[in-house]
There are 2 protein chains.
Amino acid sequence: MIEADPAVTVRRFNRSYTQRIGALEDSFLGLGLPLGATRLLFEIGVQPATVQTLRVRLGLDSGYASRLLRRLAEDGLVEVTADPADRRRRVASLTAIGRQRWIELEARSDAKARALLEPLTEHQRSRLAACLTEADLLVRAATVTFEEVDPASPAAREATGMYFAELRHRFDFDDAGLDRRDAQALRPPGGVFVVAVSDGEAVACGGVQTIGAGVGEIKRMWVRETWRGAGLGGRLLRHLEDCARHLGSLVVRLDTNEALTEAIGLYERAGYRPIGRYNDNPHATHFFEKPLA
Amino acid sequence: MIEADPAVTVRRFNRSYTQRIGALEDSFLGLGLPLGATRLLFEIGVQPATVQTLRVRLGLDSGYASRLLRRLAEDGLVEVTADPADRRRRVASLTAIGRQRWIELEARSDAKARALLEPLTEHQRSRLAACLTEADLLVRAATVTFEEVDPASPAAREATGMYFAELRHRFDFDDAGLDRRDAQALRPPGGVFVVAVSDGEAVACGGVQTIGAGVGEIKRMWVRETWRGAGLGGRLLRHLEDCARHLGSLVVRLDTNEALTEAIGLYERAGYRPIGRYNDNPHATHFFEKPLA
DNA sequence: TCATTTATCTGACTATAGTCAGATACTCCT
DNA sequence: AGGAGTATCTGACTATAGTCAGATAAATGA
């Protein structure tokens with residue numbers, strides 16, 4: 001039962017699983033609506049959103065989306081109103097009847113999942129849940145995309161906001177003025193800021209700045225708590241090192257606080273060696289350096 | 001990160017996974033054939049089969065399947081010939097060009113799977129493979145269907161054939177005449193024979209016969225080796241006990257050989273208690289009984 | 001202010017997916 | 001041999017999915 005090639009395992013799983021779980025998708029039917037309309041209804045139910053957001057999320061053509069929405073509106077399931085902030089945009093939300101249908105849909109989907117689990121013992125169910133949770137985390141981690149953004153952009157501010165919040169929580173940290181001071185350094189030509197995005201959500205971030213001839217510094221590296229243990233930190237670190245290389249660095253440094261033990265472990269595993277203090281950062285207690293091969 | 005409800009985990013996984021892996025299905029496209037035709041081409045490539053088999057496997061309407069096949073034949077990708085054994089049936093197989101396309105399809109699908117794994121470390125890949133393998137086994141086990149068949153039917157003979165082969169392998173067993181002798185007892189009205197089927201393949205079997213007033217006996221219980229550890233034996237046993245109840249049994253007995261340690265463990269966990277020899281089966285060394293509540 | 005860009009909608013399409021009622025050719029059973 | 005049943009095919013449909021080129025209205029920037 002030991003499979004040498006993970007790719008083969010992935011393919012076998014996909015084939016077997018989708019065949020069996022295809023039935024789960026059937027729960028989208030039986031409401032008297034075609035699949036496309038039902039997917040849209042479901043998506044609106046999760047969270048009212050602008051037409052554009054829905055289109056991107058479901059990968060729909062603009063004309064097609066418009067028609068589906070009109071159909072749902074005609075059936076009295078959704079309401080489409082202009083967004084007061086930008087009257088070009090239109091926001092779709094469920095009506096009372098639509099909400100009711102959505103709840104039906106949820107119940108149906110839930111019932112299907114329960115029916116799948118029903119023949120299993122308690123122990124097997126929790127094994128399955130554990131396997132799927134771990135697989136999900138790994139697959140999510142594998143499909144994260146790294147995006148180079150301006151440190152002042154909303155995505156970057158969202159990520160650094162969470163980063164600073166965590167630092168405040170873990171040790172005596174004060175970020176007064178940091179944002180403005182660093183933002184300049186973490187953008188081209190001397191630096192970059194990278195946000196890791198999954199499902200449109202920032203799940204990790206990090207930046208590089210040049211602090212001397214051939215010397216780069218990694219700053220603000222952070223991984224969302226729910227995403228730790230998936231190797232995302234290591235990947236991000238390698239990515240940032242590549243960025244530093246492109247910026248002309250031959251060696252890369254970083255500082256951190258003794259409270260951030262996982263981070264210190266990560267740096268050590270990645271080949272960083274402790275060095276003496278190289279800056280006057282009051283929050284830093286540990287300093288590392290790594291030559292870029 | 002601990003999820004109380006496995007059904008929620010299953011649903012979240014499905015949503016997240018299919019969204020990311022949907023791209024895998026895209027590999028079916030880009031050959032210049034529509035999805036349906038490509039699925040059919042792929043299935044024929046796995047193993048040439050009769051039109052009917054293909055139809056069942058892919059869940060196609062007969063007219064639709066016929067048309068898709070004709071299109072593939074017109075494109076020179078498949079050959080459809082009458083089955084010499086039954087000239088109503090037609091067998092589809094790939095032509096040289098079709099085989100070439102199929103290999104392309106495989107390569108494409110493989111590349112997608114590898115691209116998914118590419119960002120992961122070696123360790124993470126094997127973790128993912130292990131999770132998916134276990135999840136797959138559990139889901140397969142959960143979706144096995146129990147079918148009551150005649151013990152002389154091809155499906156039953158296939159299963160008992162494998163059962164006897166295993167007995168011969170594990171201890172000094174001789175099945176001379178057993179097939180005919182038992183076949184009579186394992187069919188209605190006094191008995192039943194059940195085959196567990198997954199993907200059209202027999203993966204477990206077992207029978208019940210009546211050996212006295214209110215006394216049933218479980219016979220020929222077997223689970224395919226690759227399917228052990230998924231709780232299928234326990235489910236089958238419970239199913240057979242239900243069958244015995246329906247046949248009017250108040251108590252159910254069974255015998256087994258000391259070499260079959262997993263089976264003995266299963267019976268003990270299921271509430272079977274050792275009793276003295278109740279028959280003259282020369283291969284039996286252990287005898288069990290359980291009252292049916 | 002006016003040209004540009006953006007968000008959405010409309011109309012006019014095409015192809016795919018899928019269904020259903022027969023028709024046809026073959027097999028099996030008595 | 002002949003009737004019942006089976007496997008497949010054909011013709012005639014419908015609806016869904018999806019595409020594309022504009023049209024329209026609101027926002028944006030020089």
Side-chain angles (χ1 to χ4, degrees), chain A residues 18 22-23 25-44 48-75 77-93 154 200, chain B residues 18 22-23 25-26 28-44 48-75 77-93 153-154 200:
Chain A
T18 52
E25 292 291 309
D26 292 352
S27 61
F28 274 120
L29 300 171
L31 280 192
L33 285 173
L35 178 65
T38 314
R39 287 207 309 149
L40 188 54
L41 178 74
F42 180 78
E43 205 62 37
I44 296 169
T50 63
V51 174
Q52 191 179 35
T53 312
L54 295 168
R55 248 174 39 213
V56 171
R57 276 221 272 266
L58 296 174
L60 302 173
D61 171 85
S62 80
Y64 186 30
S66 174
R67 244 176 293 275
L68 287 177
L69 264 177
R70 193 172 50 196
R71 162 144 191 201
L72 289 174
E74 277 167 6
D75 289 1
L77 301 173
V78 312
E79 258 172 349
V80 185
T81 54
D83 180 346
D86 180 343
R87 298 182 49 77
R88 288 171 305 181
R89 277 204 285 261
R90 311 235 296 149
V91 178
S93 57
Chain B
T18 53
E25 293 291 309
D26 291 352
F28 274 119
L29 301 172
L31 281 190
L33 286 173
L35 179 64
T38 312
R39 288 206 310 149
L40 188 54
L41 178 74
F42 179 79
E43 204 61 37
I44 296 168
T50 63
V51 173
Q52 192 180 34
T53 312
L54 294 168
R55 248 175 39 213
V56 171
R57 278 220 272 265
L58 296 175
L60 302 173
D61 171 84
S62 80
Y64 187 31
S66 175
R67 245 176 291 275
L68 288 177
L69 264 176
R70 195 171 50 196
R71 161 142 195 204
L72 290 174
E74 277 167 4
D75 288 0
L77 301 173
V78 312
E79 254 171 350
V80 186
T81 54
D83 181 346
D86 179 342
R87 299 182 48 77
R88 286 172 304 184
R89 278 204 285 262
R90 312 232 300 147
V91 179
S93 57
S153 69

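Just the heavy atoms: all of them, side chains too, but no hydrogens, waters or symmetry mates, feed the values below. Reminder, nothing fancy here: chain letters follow the sequence lines and each chain counts from 1.
Taking atom CG on A:Leu54 and atom C1' on C:dA7, their separation rounds to 13 Å, with Å as the unit. Protein atom CD of A:Gln52 is 17 Å distant from nucleotide atom P of C:dT5, rounded to whole Å.
Along DNA chain D, read 5' to 3', the first and last nucleotides having any atom under 4.0 Å from a heavy atom of chain A are D:dT16 to D:dA27.
The backbone N or O of B:Gly63 lies less than 3.5 Å from a partner atom in the side chain of B:Asp61, making a donor-acceptor pair. A donor-acceptor pair under 3.5 Å is absent between the side-chain atoms of A:Asp75 and the main chain of A:Leu77, judged by distance alone.
With a 4.5 Å cut-off on side-chain heavy atoms, A:Ile44 and A:Leu54 count as touching. Contact check for B:Leu40 versus B:Val78: no side-chain heavy atoms found under the 4.5 Å cut-off. With contacts defined as side-chain heavy-atom distances shorter than 4.5 Å, the pair A:Pro34/A:Arg71 qualifies.
For B:Ser62 and A:Asp86, each mapped to the nucleotide of DNA chain D holding its nearest heavy atom, the one lying further toward the 5' end belongs to B:Ser62. Ranked by how close their nearest DNA chain D nucleotide is to the 5' end, A:Asp61 and A:Arg87 are led by A:Asp61.
Nearest heavy-atom pair, A:Arg39 versus A:Leu58, reported as atom, atom and distance to 0.1 Å: NH2-O, 3.5 Å.
Base engagement by B:Arg67 is indicated by at least one non-hydrogen atom pair under 4.0 Å involving a base atom.
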